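Accompanying notes for the structure given below.
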Amino acid sequence: MYDYYQCNARDVLCIDLKSFFASVSCIEKGLNPLTTKLAVVGDTKRQGSVVLAATPPLKALGIKTGSRLFEIPHRSDIYIINPSMLKYIQVSSRISAIALQYVAPEDFHQYSIDEFFMDITDSYHLFAQTPSHMARILQQEIYNKTQIFSTIGIGSNPLLAKLAMDLEAKRTSEGVAEWRYHDVPRKLWDVEPLTEMWGINKRTEKKLNKKGIFRIGDLAHYPVEYLKRDFGILGVDLHLHANGIDESIIRQPHVIKGKSYGKSQILMRDYQFHELKTVISEQIDEVFYRVREKKLYPTTIAFTVGYADKGGIHKQFTKKDYFTSTMQVVSLIWRYLEEYAETDRLFRTVGVSFSNLRDSRLRQMNLFEAPEEVKREIIESYLDELRRKYGKEIVMRASSLTESGTLRLRKGLIAGHKG
DNA sequence: TCTGGGGTCCTAGGACCC
DNA sequence: TCTGGGGTCCTAGGACCC
């Protein structure tokens with residue numbers, strides 16, 4: 001047993017916007033999310049497309065996030081629509097702004113587009129009697145101003161707040177639940193299967209089951225040294241989390257270790273090998289544009305291509321200096337693929353990712369750098385200006401106009417979704 | 001009836017240096 | 001000459017999140 005008196009004792013809220021994409025899309029159409037059957041899917045034209053969000057009445061029919069479009073029954077009372085990412089981002093920002101009326105920015109953490117944390121320890125007194133009261137005030141205000149329902153978990157640390165939200169608040173009609181350390185044995189330890197808990201998915205569950213661990217309580221009582229031996233740091237985290245312990249404090253955000261920017265796509269059809277070069281170029285162009293906007297250059301670039309049936313190639317390259325142009329990266333990748341890809345097979349997925357980013361402002365001009373390189377950089381920065389002025393898609397490579405180009409199709413898409 | 005897209009973190013093993 | 005060991009960087013691959 002742990003001495004919970006030694007642990008963080010804060011008042012943290014974890015707020016989840018209920019069926020967010022689906023709700024926003026309903027509201028946009030003047031429909032009520034609580035009574036309408038609506039699903040937002042990645043792309044309505046693809047039968048295999050995944051469901052990104054579904055309203056509660058549709059979920060009641062067995063359709064959930066991750067279901068496939070072809071699993072949704074053909075019925076006149078079911079709406080199936082494409083995402084409107086711009087709209088979702090707008091609504092999400094409005095809601096975050098509401099939350100920021102109640103905490104200082106450093107006590108606020110946006111976890112994803114539809115989930116955020118607030119440490120209200122120092123501020124809730126100004127607005128409410130108790131943390132739970134504060135949660136209800138916030139929930140009500142979000143609803144009044146946006147028509148979006150939220151579920152809120154309250155806990156003594158971010159983990160307990162998240163667990164309270166996932167495992168209890170979501171299942172109640174009011175959508176608020178509070179978990180303190182003393183609730184852990186009663187509320188957390190009976191949880192089963194293990195995948196119910198944040199941080200445990202199928203693979204880990206399987207490995208834990210082999211050890212005879214089936215409930216979170218089993219995990220909490222399993223000797224931590226064995227978990228450490230078999231799972232490393234993750235094993236220690238599993239042990240602590242099963243005991244409700246999480247020492248992170250929102251005001252001291254952890255530094256992200258290896259930030260990366262990437263772009264990946266599942267292609268609309270199977271591609272032949274020679275067609276890939278265009279797509280890869282487009283992706284690299286886009287990611288370069290994004291990192292340049294942040295005044296960064298990558299020292300490591302990675303790419304993945306997946307065959308249509310199965311398997312694929314993943315490779316990363318690191319350059320002491322750093323990569324500065326699309327051409328440079330494309331030719332490196334292409335040379336590799338020409339040598340190692342099975343060029344007579346068909347391809348279905350492509351992705352690139354940049355990491356190990358360096359601040360370009362610190363850049364020292366390398367006197368030995370090929371003049372061609374410098375020229376390309378100048379050209380790219382000029383094109384960036386055009387992109388900023390007229391939008392990312394205004395500048396297309398000539399190859400994008402060929403059959404294999406995807407840019408024209410993607411025009412009007414944001415974050416890979418139809419906007 | 002294959003296929004969302006964007007991320008983060010961890011580990012193991014090899015290369016290389018002192 | 002069968003031998004040391006630690007630090008750092010890099011790559012591949014796995015796992016999980018929303």
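Keep in mind the model is a prediction, meaning the values are calculated, not measured. Residue numbering restarts at 1 for every chain, and letters A, B, ... go by the order of the sequence lines. Basis for what follows: all heavy atoms, side chains included, without hydrogens, waters or symmetry-related copies.
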Could you pull out all residues at least two apart from A:Y102 that satisfy ring-ring contact (aromatic ring centres under 6.0 Å, His included)?
A:F127
Where DNA chain C forms runs of at least three Watson-Crick or G-U pairs (i with j, i+1 with j-1, under 3.5 Å), the stems are B:5-18 with C:5-18
Decide yes or no on ring pair (Phe, Tyr, Trp, His ring centres under 6.0 Å) for A:Y111 and A:F116, but give the supporting numbers first.
CA-CA 5 Å; A:Y111 184 62; A:F116 57 88; over 10 Å; no
With a 4.0 Å cut-off on heavy atoms, is A:G306 in touch with a base, just the backbone sugar-phosphate, or nothing at all?
nothing
Do the ring centers of A:F354 and A:F288 come within less than 6.0 Å of each other?
yes
For A:D114, answer base if it contacts any base atom (sugar-phosphate contacts may also be present), sugar-phosphate if it contacts only those atoms, and nothing otherwise; contact means non-hydrogen atoms under 4.0 Å.
sugar-phosphate
The criterion is side chain to side chain donor-acceptor pair (under 3.5 Å); which residues satisfy it with A:S248, sequence neighbours excluded?
A:D246
Under a 4.0 Å threshold between the charged nitrogen and the carboxylate oxygen, would A:R180 count as salt-bridged to A:D183?
no
Under 4.0 Å, heavy atoms only, any strand: does A:K207 hit a base, just the sugar-phosphate, or nothing?
sugar-phosphate
Could you list the residues that satisfy side chain to side chain donor-acceptor pair (under 3.5 Å) with A:Q140, not counting sequence neighbours?
A:N144
Using the C1' atom as the reference point in each nucleotide, state the distance between C:dG4 and B:dC16 in Å, no decimals.
15 Å
Is a donor from one side chain sitting under 3.5 angstrom from an acceptor on the other, for A:D285 and A:T326?
yes
For a quick check of understanding: with a heavy-atom distance under 4.0 Å over all strands, which category does A:R348 fall into, base, sugar-phosphate or nothing?
base
Carboxylate-amine/guanidinium proximity below 4.0 Å for A:E28 and A:K87:
no
Scan A:T65 against the nucleic acid and name what it touches under 4.0 Å (heavy atoms): base, sugar-phosphate only, or nothing.
nothing
Contact class for A:A302 (heavy atom, under 4.0 Å): base, sugar-phosphate, or nothing?
nothing
Counting the atoms with a prime plus P, OP1 and OP2 as sugar-phosphate, which does A:K319 contact under 4.0 Å by heavy atoms, base, sugar-phosphate, or nothing?
nothing
Note: chain A reaches DNA chain C at heavy-atom distances under 4.0 Å over the stretch, first to last nt, 5' to 3', of C:dC10 to C:dC18
Contacts satisfying side chain to side chain donor-acceptor pair (under 3.5 Å) that involve residues 61-75 of chain A (not counting sequence neighbours) are A:R75-A:D77
Pairwise 5' ranking along DNA chain B for A:S49 and A:S264, keeping only the more 5' one
A:S49
Using a 4.0 Å heavy-atom cut-off, does A:I200 contact any base of the nucleic acid, only the sugar-phosphate backbone, or nothing at all?
sugar-phosphate
Indicate, with a heavy-atom threshold strictly under 4.0 Å, whether A:I256 touches base, sugar-phosphate, or nothing.
sugar-phosphate
Identify whether any heavy atom of A:R46 sits under 4.0 Å from a base atom; if not, whether one sits that close to sugar-phosphate; answer base, sugar-phosphate or nothing.
nothing
